[in-house]
Every structure is written in C-alpha cells, then in structure tokens.
Number of protein chains: 2
Amino acid sequence: MTPLALTISDDTLSDRQKDVLNAALSLLVEGGDGLTMTGVARRASCSKETLYKWFGDRDGLLTATVQWQAAKVRMVAVDRETLDKRTLALALEKFGRNLLSVLAGDVSVALNRLAISHAGQEKRNLGAIVLENGRFAMGKRLKPVLEAGRDAGLLSFEESETAFRTYYGLVVRDVQLRLLLGEHLELGETEIAADVKRAREQFFTLYGA
Amino acid sequence: MTPLALTISDDTLSDRQKDVLNAALSLLVEGGDGLTMTGVARRASCSKETLYKWFGDRDGLLTATVQWQAAKVRMVAVDRETLDKRTLALALEKFGRNLLSVLAGDVSVALNRLAISHAGQEKRNLGAIVLENGRFAMGKRLKPVLEAGRDAGLLSFEESETAFRTYYGLVVRDVQLRLLLGEHLELGETEIAADVKRAREQFFTLYGA
DNA sequence: AGCAGACCGTACCGTACGGTACGGTTCGGC
DNA sequence: GCCGAACCGTACCGTACGGTACGGTCTGCT
C-alpha cells in the first residue's frame, strides 16, 4: 500500500483507514495538542508503523484527516425551479443557517485552527484544502442560487462573486474569528436563525431588484 | 526584577526589554516556527537566562510580545464636531481603510495565527488579548462615531453594537480568514479604498436615516 | 501444514526545544 | 580599587515527539 493517493475521496480509503482518520479527528477536536502520532495510534488501536505506511508522515496524516472531513460535508443542492421571492429568501436563509452552524461547530473550529497554524509554517497545503472545501465550496454552492435569483428578476448585481462575499460578510461578520480566538460564543438555533434572518433582509435591501 | 507585571504598557518596559519583544515579533512574522527561546535570545543578543528572568517562561514572553504590539496600535480619535453626512462618510471610510490595512499586514496575520494556535491548546489568554486589542478595541473606537451619526440624524439603528458588527462584516467579509489560511491575497491601497467605499455605501443604504 | 503479507504493540533512536546552571564581562556605587 | 548586580554566552539537562525496527499474532492462500 503506497502512502496513499494525492486526493482522498470516500472510496479511496478502507474502513480501517477511516477509523484512523476519525480517531485523529476526535483527538484534534479534543484539543490541538494530543494529536500526536502515538496518540492517534493508541486511539485507533493501530501501530505507528501502519500509520506511517498508510500516510507517509505526520503531515500526510493531517492532510488526509482534513480531506476526509471535507469529503464528509456534502452540499445540499438548491433547486432553482419555481423561484419567487419567498423561496429565494428561504434558500438564502437555509444556506446561511447551515453556514453559521457549521462554522460554529467544534470540528470546523478545530480544523481551521490546525490549518491556520500550519499556514504560519510555510506548510500552505492544509490551508488551501480548508479554503477549497470551506469558503470556496460555499461560494460555488450559493452563486447558482444568486444567479437564478437574478435571472428571475429578484436580485440585481454585476458579479455574483461580490454579491456572495457581501452575503457571507453579513452572515458571518466577526463570529468565526472570535470562535477561532477562543471566545466562548453561545450560538443556539434561535440566535443563528435570527442573525441569518437579519442578514438576508439586509442582503435583499442591498441587492433586491 | 520580578517576572513582569500583569499588564504591559509602554513605560512598564525598559528599552532593552522592548528590543527583546521586537526581536520576538520579527521572528514571529518571519514564520511561526523560528520563534524559539534560543532564537529570540540570539536575535536580541541577550541570554536565555535574562529572558526567563524577565518574562518567566515562554508563554510569558509570548503574552508580553502580543501586549507590546497591541500597545503600539494607538487609536486615532475622530472628532464628532460638525458632523454632516460627508464627514461621517469620510470617518467611516478612514476607519475601514485602517482596519483592512492592519488586518492584511504581516504582523496582524502572524499575531492572530499565534493566538489562534494557542486557543486550541486551552491557553485562552493570548486569544483574549488579541480579541481585546483587536476586534473589541475597534468596536470601542467606532461606536462613538456611529452614535454621533445617529444623534445628528444621519443614521438609524437600535444597538450600536449590531450596527458596528454589520459594518465590520461588510468591510472585512472573508478577507481575514483567507489571509490566515495562507491565501496570498493582493490588497493594495486602491483595492482597499474601493472595497471600503462599497462597504460604506452599503452601510448607508442599510442604516442611513 | 506451511508460507506470506498485513498488522499490532512496544521498545528504541535522534533531535529539537523549554528550562537551568555557571563562568566571564561590564558598570554603577562607595 | 573593590563589590555586587545585571547581563551575555555557552554548555548542559530532561522530555516530548517524529520516525524506525522488530518480534509476535492473525488471516488467507496453496
């Protein structure tokens, strides 16, 4: 078994390997330290030798873990049929609530912390992976909805990228940074729903046709 | 010399100590690793023993460095005399440009990366310091301006906190996260000015009276 | 039964780094 | 000139952790 392919998808991995990556993920969430090769081996009840055979080195394991988690988050498509203002608003709010609840989750915070730490050590790959599967994936997911809204005469903007970034800013604001910096921010269902509703209304004020 | 007081202000430190902290800061900016006690001692041409006498331990040095940098960023007051729509717009844009250029600077990125890394290791203090002197200081700085704008009948909002967070979101959007994750984002004077102008216009659309 | 490969567990190595100890030098006070 | 405090430079210690080696076990194949 060579040290694993360049990209990791669900079926690139054996069940045992998924166990290992889930172990690494759980250790990561429990606190940035603790994620040592010995720790992962113990948690997954496997030998360090196997770890190195499968993942090459520590960075390989980390990369695989991040990709593995990214692969878990599958997008929910939004059908652009029968788009009126109300369904567009619902789609935007659903997207926003999902975005905020993911961002506020333990796993997202831990993963972003790890990737950010590595970005400060000329190991740019983890950050790129997180960006690609986080922020950029979100853009690819929402922009078709925005463009559908424009085609239906409900929204007005030049570039969907700019419109998306505005919506992103209105929804996320300073929340992610504060969470990453360790602030214990209470974000229940109701707060999230209220914040997203406000953001959506503001977005309509700015970009409504 | 006891291991330094709890809070660090400009005159708590001797010039030699400031040299040491600047050395630590430069090492930090040059790459998250490299910031070792030996490295700081060598860069500052001092002995490790002195480092430990002054700052207690590595965390003490890091904390002092972060506080020292925070103390450097002094706020520019905005006079709320003769406030009309144009001067308010100018004040908001000046604030926004400053915010974005600081956030995009090497020092801010490095400091936030450090604090975020530590937040993932139950060392919450660095994150708290960065939050206090970054995000929260910005709020304390801008909210009086917003309230002055409301008093002058130019703006309309319930809570200045919410209004501030909206402006923050409109200005920063995903920029800080992308920088922290290692994306090489070109942010020149002109892009910043244009982004902030757009954000300010959007803010007036949302909160203009 | 015998063999090969995958894997577990553990012991081990090398190194990097936090922290300490100590001799040597500079400098201010007397 | 003498003393002590502060400090530099370097050597040193302990430990944690990445990475390797190796013996033992299980499984599947012939």
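Within every chain, numbering begins at 1; the chains are lettered A, B, ... in the order of the sequence lines, protein sequences first and strands thereafter.
- The two atoms that bring L100(B) and V172(B) nearest to each other are CD2-CA, 4.4 Å, heavy atoms only.
- The side chain of T50(A) places an N or O atom within less than 4.0 Å of a non-bridging phosphate oxygen (OP1 or OP2) of dC8(C).
- With 3.5 Å as the limit, one finds no donor-acceptor pair spanning the side chains of Q202(A) and Y207(A).
- Shown here are the salt bridge (Lys or Arg N to Asp or Glu O under 4.0 Å) partners of K123(A), two or more places apart in sequence or in another chain: D59(A).
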Per-nt protein contacts along nucleotides 9-28 of chain C (heavy atom under 4.0 Å; B base, S backbone sugar-phosphate only, - none) come out as B-------SBBB-B------
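- Axis orientation changes by 0° from one end of the helix from dA1(C)-dT30(D) to dC30(C)-dG1(D) to the other, with each end axis drawn from 5 pairs and the value rounded to 10°.
- We find that E159(B) and K143(B) are not joined by a salt bridge, their nearest charged nitrogen and carboxylate oxygen being 4.0 Å or further apart.
- S108(A) contributes no side-chain N or O that, together with a main-chain N or O of A104(A), makes up a donor-acceptor pair within less than 3.5 Å.
- With sequence neighbours left out, R200(A) forms a side-chain hydrogen bond (donor to acceptor under 3.5 Å, both in side chains) with E93(A).
- Residues meeting the salt bridge (Lys or Arg N to Asp or Glu O under 4.0 Å) test with E191(B), sequence neighbours left out: none.
- Phosphate proximity of dA6(D) to W54(B): absent, as no side-chain N or O sits under 4.0 Å from OP1 or OP2.
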Throw together a table of side-chain donor-acceptor distances under 3.5 angstrom for residues 20-30 of chain A, partners on residues two or more places apart or in other chains.
unit_1	atom_1	unit_2	atom_2	d
N22(A)	OD1	W68(A)	NE1	2.9
N22(A)	OD1	K72(A)	NZ	3.2
N22(A)	ND2	K18(A)	O	3.4
S26(A)	OG	A23(A)	O	2.7
S26(A)	OG	R43(A)	NH1	2.9
E30(A)	OE1	R43(A)	NH2	3.0
E30(A)	OE2	R43(A)	NH1	3.0
E30(A)	OE2	R43(A)	NH2	3.3

